[in-house]
Structures are given as structure tokens and as C-alpha cells.
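Just so it is clear, the structure is predicted and the values come from calculations on it, not from any experiment. In what follows, every chain begins at residue 1, and chains take the letters A, B, ... in the order their sequences are listed.
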Amino acid sequence: MSEPAATAAAAEPADFIRDIVSADLAAGRHSRIHTRFPPEPNGYLHIGHAKSICLNFGIARQFGGVCNLRMDDTNPTKEDIEYVDSIQADVRWLIGGWADETLGLKPVGARPPMPGAPGTDFHLPAVTGTGPEITGREPFFASDYFDQLHDYAIQLIQKGSAYVCDLSPEDTERLRGSPDRPGTDSPFRNRSVAENLDWFARMRAGEFPDGARTLRAKIDMGSPNIWLRDPLLYRIRHAEHHHTGSRWCIYPLYDFAHCLSDYIEGITHSICTLEFEVHRPLYDWILGQLNLPRALPHQFEFARLNLGYTVMSKRKLHQLVTEGRVTGWDDPRMPTISGLRRRGVPASAVRHFATRIGVTKFSGQTDVAVLEHSIRDELNRTAQRRLAVLRPLKIILTNLGPDDRIECEAVNNPEDPSAGSRRVVLTREVFIEQDDFMEGPPPKYFRLRPDGDVRLKYACIIHCDAVIRDAAGKVTELHCTADLESRSGGANAARKVKGTIHWVSATESVPAEVRLYDRLFTEQEPEKDGRDFKSVLNPRSLETVTARLEASLAAPALGERFQFERLGYFWPDPKTPSGSPTVFLRTLPLKDTWAKETAKI
RNA sequence: UGGCCGAUGGUGUAAUGGUAACACAGGGGCCUUUGGAGCCCUUAUUCAUGGUUCGAAUCCAUGUCGGCCAGCCA
């Protein structure tokens, strides 16, 4: 009976935030749990956001609560509808099949009640569920609360806790002081309530240009916490907003909008990253100033994800895109959610990764091997095996006739017997990987060599009789003899050879473009010691080859993932234009013990 | 030279005053028609110094090192 709960608990180990949530529930501080994921729509989501998504939706899922998806869109000059759309797609993909039921949305166009009588409480509850009616829903938008936020600002002015300041941006900065030196009161700090109300109304009416005036909280210019030195609440921006159009020319700042957005949506636990820790006193101050009737949300901070061999900031990722270092936000080399998705990384692998790395307040750097292990772990269990040769070397099996077709049974997935098997055809001419033949090989090289033996997987053992070269001395083909009795079920089936390699028939295989992706950066810490991250971009992060694939791969279904045996995990590029030949992308190579062995020398 | 927050094997985390453990990475072995997967073994850890305590990774003090904060960004 308690089985599902126990399973969930096992899948999502406790962390300090879940401990707090449990304790809050146990102490009756909340009767239900409501989190939120609040990205600003100014870029694509990356794997660091994935950690936050898994945390927020994971908590909602584990405690039977809801997690609102909210656009934190209070800065019209940086945001765009393109990002609103991509964020929704990425979140839905990541939580799909796992936490869909906890996704808090709202009916399209729904907004909190219009400001009315004094004491009006603004509340916009979430709608959840996965039924067909979901088409009538959309994410929450902080910009939907501009009326309410404006109303709260007036309440603050009325109780003498906020004032309109005429200082220029430069003077505001100067009077703020520095971390080790207190600030100075603004000369406009002690205006009367009536005066402030009037100036604020005129700000809203559009009487002043950008930057001319601000609304500031009246807290303490001497505070050691800079965010308590009369922080700005509203600024003037005569700019079109992607969601509210031209209705406003004043926009709230993050600190003012965020805590109140949380309150309006009934959020209980507002989970964010460490850099907001110093803002928490302001978060609590604003909520505490207003006479809010419902339970207040509380902010908790955890360490953002840092991952080796990549950068993790929207600004830097943006730069890679706009400078053409990658093909777009969804380039398979990008650490974006859309990049991972296009590369073929399953959402479950990303989630698994997120739970493995844990949640703490320590900012360290996670080894990319942990991510790669999560991906391989998932794909090893689920991907169908296929034979493909990336860099073909032709072999003539001289004891086979030109019309001989030897059908061999190939297992689809040794990890999953129910995946069944298929037939691959051995013919007189086959391709093997160039790397799988070597003249004068080093010790412990198990593959084909002159006068050596190797097994063609699922087929038979072959012996290399002759090496054919072109005028330049380059090996162009091999002449081999096939021991057909070494096939499965044959008299020599039990014959042992050191190596088994993959292959395809030269006449019954198809050519295809395959893109081999590698890490985007050559350094584990691209920005170590202040280095420019673009100076350590990996010049070989993408290599394109024309491979030969076994015939069954001629028309693959989009979305199907494969392991090309001994090579790695691949899938058809979901962006292949319809009608054009399938391009395969490498999600991740297999672990390569031989490469590690040779690297030691 | 201000404030806030941190510090446990190489990396990330657990142990919530009572035997320091897990995963990844590394090393060795077994097995193998994937040098994959799997299985077994193994190396390696509490920042420092004091204090409290029968007992400290855990509590306290001081120090050291690291992260964050001076956008009309979020």
C-alpha cells in the first residue's frame, strides 16, 4: 500500500531542501506543497536548469504537490516569445512520463482579480492534469501580475516604506556605497506620501524618460547587505513587452516581482540558486511589509550545477550561437536541454543524472563522466544493436562466390531478450572498420593483422591472406578466407579467436552521413584562471563521415535509438528534412578500454 | 580592509553526538561472438588549531581556503 511512496523515496534521495519540506509538512506549517520553476525567457534552458526542474518538480511529485511553470518576464528589453515557447517545450520533454501531473499551468489568459477594494487578496491558483483540456492552458507569467504589483507598490508608498527617487543611475550607484562602506541617504528619501503617490502616478503615466526616476524601498542605506540599501522596485522603460504589449512604461525589478509572484501563486517553497542568498532578507522584507492574509512563501537556496568541459551561462551560450561557433541553441554539442534532446539523450537519463548529483550548498564542479554514465546506463538497456562501419575498409572473402548470401542471426539487444533478433547478410565483399586492421600492431592488439584471424560478429572467423595496396602504398583492400564452419551452429563454432569486430556487407548495406560529436571544449574548466572560454573550443567537436550501415537501417523511424556495435549510441537527426536522406547523430561513444590502454603508452 | 554562505577520497554526495559510507573516476581480476555490458576485488576521505563531551565529520571558538554580493539584469 505504501509501495509507491517508498519507491519514489528510493528514486529521489533526501536532501536538505526535501528535509525542510518534510519538516514543514510535519509541523503543519503547510498543508500542501507548491513549488515553481521561474526562468526568464531570455535564452534557452540548459542542463543547469534541468537540475532545478528535477528538484522543483521532483519535490512536487514526491509530496503530492504542484510545481508552477512561470515566465519571470519583468525585463521587456531582453525577453522574447521564442524563448517562452522553447522553455515550455523543454520542460514538457524533461518531465514527460515522470511528473506531468504536477505541472502547474493556468487557463489561457487567466490573471488574478483586478485590484479592487483595500485589502484585496490576489491569488491565481494552478490547474494541473494531463487531459485534452491541457490545450487551453499556458504557463504563468510574472507580467500577468503587473496590476497587482503596482497595487502592492502603492500600499508600500502609503505606509511610508517606498519612495520615488530622482537620482540618476550614476548617482544612485555612487550613493549606494560599497561592500565595505555604507551608503548615503538619497535626498529624495523623505518625500511625503502624497508626493510619492503623485510622482509614482506620473511615472506610470509616461511623463518621464527612461532612467529619470525610480521607486525605491525605504530600508537602510547603512546595511552591510547591499540589497537592503533602499533597493529599486520599479524603473521606467518605454519598451514593448512580449506579453503585455505597450500597456506599461514602468516595470518592476526582480526582487519586488519575484516574492510577490510567489505569494500570488500560493507558492510554499521558493527554491533558487545560491547567488540569491543575499537577496533573501529583501524577499522576506517586502512580503512582511504588506498585510498579506495567506501563508507566506519562503526562499531556499542550493548550488547551481557546474559541469566539466562546458560553460553554463545563458550569456555565454548565447555568444556561441550568435557568433556561429555552433549551429544553434539546439546544436547537439550544446549543454542546452534542446541540444541534449537533439543529440538523442533520453530525458530519463538527464533526470537520473540530476538525482545522482544531489542538492547541497557547496559549489563544486561535477565530472562530465557522471552525465555520460547516466546516458550510457539508460541507452545500454534500451537501444537496439546494429552493425555500422564508420570508416570502411573493403575485404574480399575469396572463398565466397559473387552471388553467395549467407544469412546470419543477430541479436537486437543482449540486455533485453524480448527485443528479438534480425538477419544480416554476409557476402563476398564486406566492409570492416579501418581501425580494425593493423600492420605491425602493438602487443595486445586483438583485431585483424596480416596472416591473422578475427571473428566477424554474428558471422564467422576470417583469415587475412593478402594486403592490397595502391600506388602510394596505402592499403585499399584485404583478401581473406572465411571459415564458414565457425558460424553459430557450425563444426568450428566454438573456435576461439582474440578479437570480434563489426562489419557490413559491401553490396547489401547503405551509405549514410554520420555526425560524430565530441566535447565542445578541450579543457575541463574552460574559464580557469580567467581564460577566455572561446580560446579552448574543441576544433574537432564535430566530425562528419560517410558510413556504411546494415540494410535494416535504410529507413529508420525517427526517435529510435541504436547502438552501433563497438562504436556508440546513434539516432537519426530529428531535424532531417523530410524527403532527404537520414543523417545519423552520435549521442555518445561506447567506453573505449583500448583507447585508454594505448593512451598509457 | 564589510556582509552572507560553504569546506568529507581524484570528482559529486551520505552519515542529523555513537564502527566514515555510496556513486562516478582510477587500478586489478573473472566472463564475453561488442576491448561494450555484467560480476568480483581494490586504491583513496572528515581544511587547521583549540574547546565542550565517556564519545565530534557533526556542537562552540579562532584561523585558513573557496563561492556570492556594489545592474535602473534575473
Side-chain angles (χ1 to χ4, degrees), chain A residues 13-16 19 38-40 42 72-75 77-79 165 167-169 172-174 176-183 210-216 223-229 232-237 251 253-255 257-258 272-281 301 303 308 314-315 356-374 376-377 380-381 385 387 410-411 414-415 444-447 455-461 486-488 493 495-502 524 563-568 589-597:
Chain A
D15 52 63
F16 79 97
D19 289 347
E40 182 189 16
N42 67 344
D72 205 359
D73 55 349
T74 57
N75 185 356
T77 61
K78 291 194 173 175
E79 297 152 8
C165 181
L167 250 25
S168 67
T172 304
E173 185 184 333
R174 194 168 46 79
R176 183 153 38 221
S178 59
D180 56 349
R181 208 182 61 244
D210 290 4
R213 287 184 165 77
T214 57
L215 182 73
R216 302 178 68 176
S223 171
N225 182 340
I226 284 174
W227 294 102
L228 260 20
R229 321 239 264 230
L232 274 54
L233 268 22
Y234 268 91
R235 79 295 219 179
I236 300 171
R237 280 272 182 288
Y251 291 93
L253 278 110
Y254 166 83
D255 289 295
H258 203 89
C272 62
T273 45
L274 249 28
E275 64 269 27
F276 293 100
E277 213 161 12
V278 288
H279 293 244
R280 192 184 342 128
E301 311 87 13
K314 280 194 220 168
R315 189 181 62 77
R356 291 184 75 114
I357 58 177
V359 178
T360 66
K361 300 189 73 152
F362 175 73
S363 18
Q365 191 186 47
T366 297
D367 192 333
V368 72
V370 180
L371 206 215
E372 293 176 346
H373 181 265
S374 293
R376 290 196 183 102
D377 196 46
N380 175 52
R381 279 198 311 273
R385 315 285 127 126
L387 294 178
V411 169
E415 309 290 322
K444 294 198 275 185
Y445 181 86
F446 300 153
R447 290 109 92 181
R455 179 178 283 277
L456 299 184
K457 176 116 185 174
Y458 303 126
C460 61
I461 295 169
S486 65
R487 294 167 58 203
S488 183
R495 214 184 123 193
K496 298 287 179 199
V497 286
K498 273 293 215 176
T500 299
I501 63 175
H502 58 279
Q524 169 146 349
Q563 182 198 102
F564 291 177
E565 295 217 38
R566 300 209 311 132
L567 294 172
L590 245 30
K591 267 208 316 207
D592 189 348
T593 330
W594 172 246
K596 208 159 62 184
E597 190 72 29

(message) Tell me whether A/Thr214 contacts the main-chain N or O of A/Arg216 through its side chain, where contact means a donor paired with an acceptor under 3.5 Å.
(response) no
(message) Any salt bridge linking A/Lys596 with A/Asp592? Criterion: basic side-chain nitrogen under 4.0 Å from a carboxylate oxygen.
(response) no
(message) With rounding to the closest Å, how many angstrom separate the P atoms on B/rU8 and B/rA48?
(response) 11 Å
(request) In whole angstrom, give me the gap between the P atoms of B/rC30 and B/rU16. (result) 40 Å
(request) Determine the interatomic distance between P on B/rC47 and the same-named atom on B/rU11; round to the nearest Å. (result) 13 Å
Under 3.5 Å, which protein N or O atoms sit close to an N or O of nucleotides 14-18 of chain B? Give each pair with its distance.
residue	atom	partner	partner atom	Å
B/rU16	O4	A/Asp19	OD2	2.9

(request) Look at the side chain of A/Glu277 against the base of B/rG67 and say whether a donor-acceptor pair falls under 3.5 Å; ignore hydrogens and angles. (result) no
(message) Any salt bridge linking A/Glu301 with A/Arg280? Criterion: basic side-chain nitrogen under 4.0 Å from a carboxylate oxygen.
(response) yes
(message) Taking B/rG10 as the reference, what is the distance to B/rG6 when you measure between their P atoms (whole Å, please)?
(response) 23 Å
(request) Figure out the NZ/C1' separation between A/Lys591 and B/rG26, and round it to whole Å. (result) 11 Å
(request) To the nearest Å, give me how far apart CZ (A/Arg229) and P (B/rG3) are. (result) 12 Å
(request) Would you say whether A/Phe362 stacks on B/rG6? The test is a distance between ring centres of less than 5.5 Å and an angle between planes of less than 30°. (result) no
(message) How close do A/Val278 and A/Asn225 get, counting heavy atoms only, and between which atoms?
(response) O-ND2, 2.9 Å
(request) Could you tell me the separation between the CD atom of A/Glu415 and the P atom of B/rG36, rounded to a whole number of Å? (result) 13 Å
(message) So, taking the atom named NZ in A/Lys78 and the one named NZ in A/Lys314, what distance separates them when rounded to the nearest 0.5 Å?
(response) 10.0 Å
(request) From the options A/Arg385, A/Glu565, A/Arg566, A/Lys457, select the one residue that forms a side-chain hydrogen bond (donor to acceptor under 3.5 Å, both in side chains) with A/His502. (result) A/Arg566
(message) Roughly how many Å apart are B/rC40 and B/rG35, using the P atom of each and rounding to a whole number?
(response) 22 Å
(request) Name the pairing partner of B/rG55, where a pair is Watson-Crick or G-U wobble with both distances under 3.5 Å, or state none. (result) none
(request) State whether the side chain of A/Arg455 and the backbone N or O of A/Ile501 hold a donor-acceptor pair below 3.5 Å, judged by distance alone. (result) no
(message) Work out how far the C1' atom of B/rA61 is from that of B/rA25, and round it to whole angstrom.
(response) 38 Å
(message) Ring-plane angle category for A/His279 and A/Tyr254, please: parallel below 30°, perpendicular beyond 60°, tilted otherwise.
(response) perpendicular
(message) By nearest heavy atom, map A/Lys361 and A/Ser486 onto RNA chain B; which one lands nearer the 5' end?
(response) A/Lys361
(request) Round to a whole Å and report the spacing from CD of A/Gln365 to C1' of B/rC24. (result) 14 Å
(request) Go ahead and name the base partner of B/rC39; Watson-Crick or wobble counts if both distances stay under 3.5 Å, otherwise write none. (result) B/rG29
(message) Please report the distance, rounded to the nearest Å, between CZ in A/Phe564 and P in B/rG35.
(response) 17 Å
(request) Assess whether atom NZ of A/Lys498 is packed by more than 12 heavy atoms of other residues, nucleotides or ligands within 6.0 Å. (result) no
(message) Rounding to an integer number of Å, can you tell me how far A/Arg181 CZ sits from B/rG3 P?
(response) 16 Å
(message) Distance check, C1' atoms only: B/rC68 and B/rC22, in whole angstrom units.
(response) 30 Å
Give me, pair by pair, the N or O atoms of the protein and of nucleotides 70-74 of chain B that are less than 3.5 Å apart, along with how far apart they are.
residue	atom	partner	partner atom	Å
B/rC72	OP1	A/Arg176	NH2	3.0
B/rC72	OP2	A/Arg176	NH1	3.1
B/rC72	O3'	A/Arg237	NH2	3.3
B/rC72	O2'	A/Arg237	NH2	3.4
B/rC72	N3	A/Gly211	O	3.3
B/rC72	N4	A/Leu167	O	3.0
B/rC72	N4	A/Pro169	N	3.1
B/rC72	N4	A/Gly211	O	3.0
B/rC73	OP1	A/Arg237	NH2	2.8
B/rC73	OP2	A/Arg235	NE	3.1
B/rC73	OP2	A/Arg235	NH2	2.7
B/rC73	OP2	A/Arg237	NH2	3.2
B/rC73	O3'	A/Arg235	NH2	3.2
B/rC73	O2'	A/Asn75	ND2	2.9
B/rA74	OP1	A/Thr74	OG1	2.7
B/rA74	OP1	A/Arg235	NH1	3.4
B/rA74	OP1	A/Arg235	NH2	3.0
B/rA74	OP2	A/Tyr254	N	3.0
B/rA74	O3'	A/Asp72	OD2	2.7
B/rA74	N6	A/His279	NE2	3.3

(request) Nearest-nucleotide wise, let me know which of A/His373 and A/Ala459 is further upstream toward the 5' end of RNA chain B. (result) A/His373
(request) Go through the N and O atoms of the side chain of A/Arg455 and the base of B/rU33, and report whether any donor-acceptor pair is under 3.5 Å. (result) yes
(request) May I have the distance from A/Leu456 (atom CG) to B/rU34 (atom P), rounded to whole angstrom? (result) 13 Å
(message) Taking only the P atom of each, what is the distance from B/rG17 to B/rA56 in whole angstrom?
(response) 14 Å
(request) May I ask you to test the A/His258-A/Leu253 pair for a side-chain heavy-atom distance under 4.5 Å? (result) no
(request) Indicate syn or anti for B/rG26, taking the glycosidic torsion and treating anything within 90° of 0 as syn. (result) anti
(request) Scan every strand shown for a Watson-Crick or G-U wobble partner of B/rC22, both distances under 3.5 Å, and answer none if you come up empty. (result) B/rG12
(request) If B/rC4 has a Watson-Crick or G-U wobble mate with both distances under 3.5 Å, name it; if not, just say none. (result) B/rG67
(request) Check every atom of B/rU33, B/rC24, B/rG35 against the side chain of A/Lys496 and return the nucleotide holding the closest atom. (result) B/rU33
(request) Inspect the contact between A/Glu372 and A/Lys591 and indicate whether a charged nitrogen and a carboxylate oxygen are less than 4.0 angstrom apart. (result) no
